[in-house]
Amino acid sequence: MLLKKIQLLFLTVFVFVSFLGQKYSPKQIDSLGKIAAFNMADKRKALKLLFTYLDLVDKPGSEKEKVTMMYRITVVYSELGENEKLIEYSFKLEDYAKKINDPSFEILAVRMRATSYKKLGILYKAESMLNVALERTSELKGDELFSTRGALFSDLGLLKDKMDSPNYNVILAYHRKALGWFRKIKNKENREVSLTTAYSNMGLYSSKVNQYDSALYYSHKALELSILRKDTARQGFAFGNIGYVYYNINNQDSAIFYLHKALPIMESIERPYQLKDVYNVLALVYEKEKDYKNSLYYRNKYKKLDDSLYDSEKRAVNKESIQANERNKQQVNWFYFILGGVLVVLLIIIYFATRYFRGYQKERKEKQQKDVVISDLEDKVNDAFEEVIQLAKSDDPAFLPRFKEVYPDFYKKLSETYPFLTSGQLKFCALLRLNFSTKEIAHYNHLTIRGIEIKKNRLRKQLDISSFEDLNNWMMKF
C-alpha cells in the first residue's frame, strides 16, 4: 500500500512539473496516460490525472494524443460504473474523432456508449450499435483492426449474457473469436492488455458451460499476465473467476481463499459491478458451507450495492432523455426571439393589452390549477409504482394485493379471461407486467433461472402464447 502511494505521489509531481515546464513530449504523456487508465487501482485518482494529461496535449499537432486520452477517460468512467458521465463523454469523443477524421476512435466512442446502454438494460439498442460498429471495422487495418474487432466480439459476448435465457456456448464462441483477434496484435504491450481481459472472459464463460479445466487454465493465464503487467484491477478479476470455478466444483475452501483475495482489490478500486459479483458468490459459498451468518452478511452487501446501481442507472437513463430534449430545443430557440410588433395608436394598444392581460391572468390561473392536479396525480402514480417494485424485490406477501390496487384493470381482465390461474401464477404475471427479467425474478424470489424459464414455458402453454412472443411485452400490452 505504501509503495502504491509513493508511485501515485511520483506521478502527480511528475505531471505538475510537466504542466509548469512543458518539457515532456506527447509520447511521454501518452505513456503516463496508459498507466493511469489501465494500471492504477484507484480509478478516481486515475481520472483526475487523465484530465490533467488531456489539458497538456490539447494543442495543435497533438490531435492523436488528445483523442487517445479522451478514449481512456471513457474507459475509466465505464470501470467506475458512471454510465451518465460515460454517455455524455462518449458523444464528445465521437464528435472530436469525426472532426479529425479518425474512424477508429469513432468506433471506440460508439462501443463505449453501447457498453453503457448494456449496463442500463437498453440491450437491443446496444446490440444494434455494436453490430454497426463491427461493420465499420472494414475501414481499419493492422493492430487497429485486430484490437477493435476483438473488443467488439468481446462486448457482444458480454451483452448476450444480459439477455433472457442466455446461451453460454454462443457467448463463449464470441469470446473465443475475440481471443483470436487479440492474438494477432503485433504491439506486445497492447496485445498483453487485450489478452488479459480475453483470458479472464474465457475463464468465466468456460466455467458457465462446465468446462472447468479450461476455466482454470484461462483464469490462471489472466492472473499471470495481470501480475506481469502489475495490473491490480485485473488481478482482482482473475482471483474472482478462479474462486467462482472452485465454487462450481464444490471446493469451497479454495473458493473462499481466492474470493477473499479478490475482495479487497474490488473494494479498493471502485468496480461496483465486479464487486457485486464477488459478494454474490461469497454468499453462495458460505451458504453451501452452512455458514449462514457470513452468507447473510454478503447477501446484504450484494443487495445494497445492487439497489444502489439500479438507482444510478435509472438516473442515467433519465438524464440522457433530458439531454436529448435539450438538443431538440436548441433547434427551435429562434422562435422565442420573435416577440416584436409595430406600435399602433396608443389607446388601442392599451385597450387590447389590458384585455389580453386580464384574459391571460385568468387562463394562467386555470392552467396552474390544472398543473397542480396533474402533478399530484403523477406523484401518486410514481409513488405507487415504486412501492409495488420494492414489495416485489423483497418478496413481500403484500405485493400481489397492492399490485391489484395499482393495476386493477390488468388484474381484473387477466383473472376473468383466465380464471384457472392460481395466485402464484397471477403473481408471476404481475412481475412480468412490471418488466422484471428472468434473472431478476429468480433473484428476488430465491429461485433458479432454470426454474423461472420452466414457469414461463408452462405459462405460455396455458395462455396459448407463441414462443416467438416476448412474455413481458405480451403482459404489458394485455
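Computed from a prediction, not measured in an experiment: that's the story for all the values here. Computation of the quantities below employed the complete heavy-atom set of this structure, encompassing side-chain atoms and omitting hydrogens, waters and symmetry-equivalent molecules.
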So salt bridge (Lys or Arg N to Asp or Glu O under 4.0 Å) across residues 196-205, not counting sequence neighbours, yields none
Could you go through Y218 and H175, starting from their C-alpha distance and side-chain angles, then the distance that decides it, and tell me whether this counts as ring pair (Phe, Tyr, Trp, His ring centres under 6.0 Å)?
CA-CA 12 Å; Y218 284 115; H175 288 297; over 10 Å; no
Determine the minimum heavy-atom distance between [X] and [Y], stating which atoms define it.
| X | Y | result |
| --- | --- | --- |
| Q235 | S226 | CG-OG, 3.2 Å |
| K162 | K118 | CG-CG, 3.9 Å |
| P166 | K160 | CB-O, 3.5 Å |
| N472 | D470 | N-OD1, 3.1 Å |
| T196 | L225 | OG1-CB, 3.5 Å |
| D253 | E289 | OD1-OE1, 4.1 Å |

By salt bridge (charged side-chain N to carboxylate O under 4.0 Å, His left out), which residues pair with [X], not counting sequence neighbours?
| X | answer |
| --- | --- |
| K261 | none |
| D143 | none |
| E192 | K188 |

Mind checking what makes ring pair (Phe, Tyr, Trp, His ring centres under 6.0 Å) contact with F182, not counting sequence neighbours?
none
Going by the angle between their ring planes, with limits at 30° and 60°, are Y89 and F51 parallel, tilted or perpendicular?
perpendicular
Using 30° and 60° as the class limits, which term best fits the ring planes of H220 and Y258: parallel, tilted or perpendicular?
perpendicular
With the threshold set at 4.0 Å, does a side-chain nitrogen-carboxylate oxygen contact exist between [X] and [Y]?
| X | Y | result |
| --- | --- | --- |
| R299 | D306 | no |
| E453 | R450 | yes |
| D102 | K64 | yes |
| D95 | K99 | no |

Donor-acceptor pair, R191 side chain versus K186 backbone, under 3.5 Å?
yes
Sequence neighbours excluded - side-chain hydrogen bond (donor to acceptor under 3.5 Å, both in side chains) pairs with any residue from residues 239-249:
S200-N241
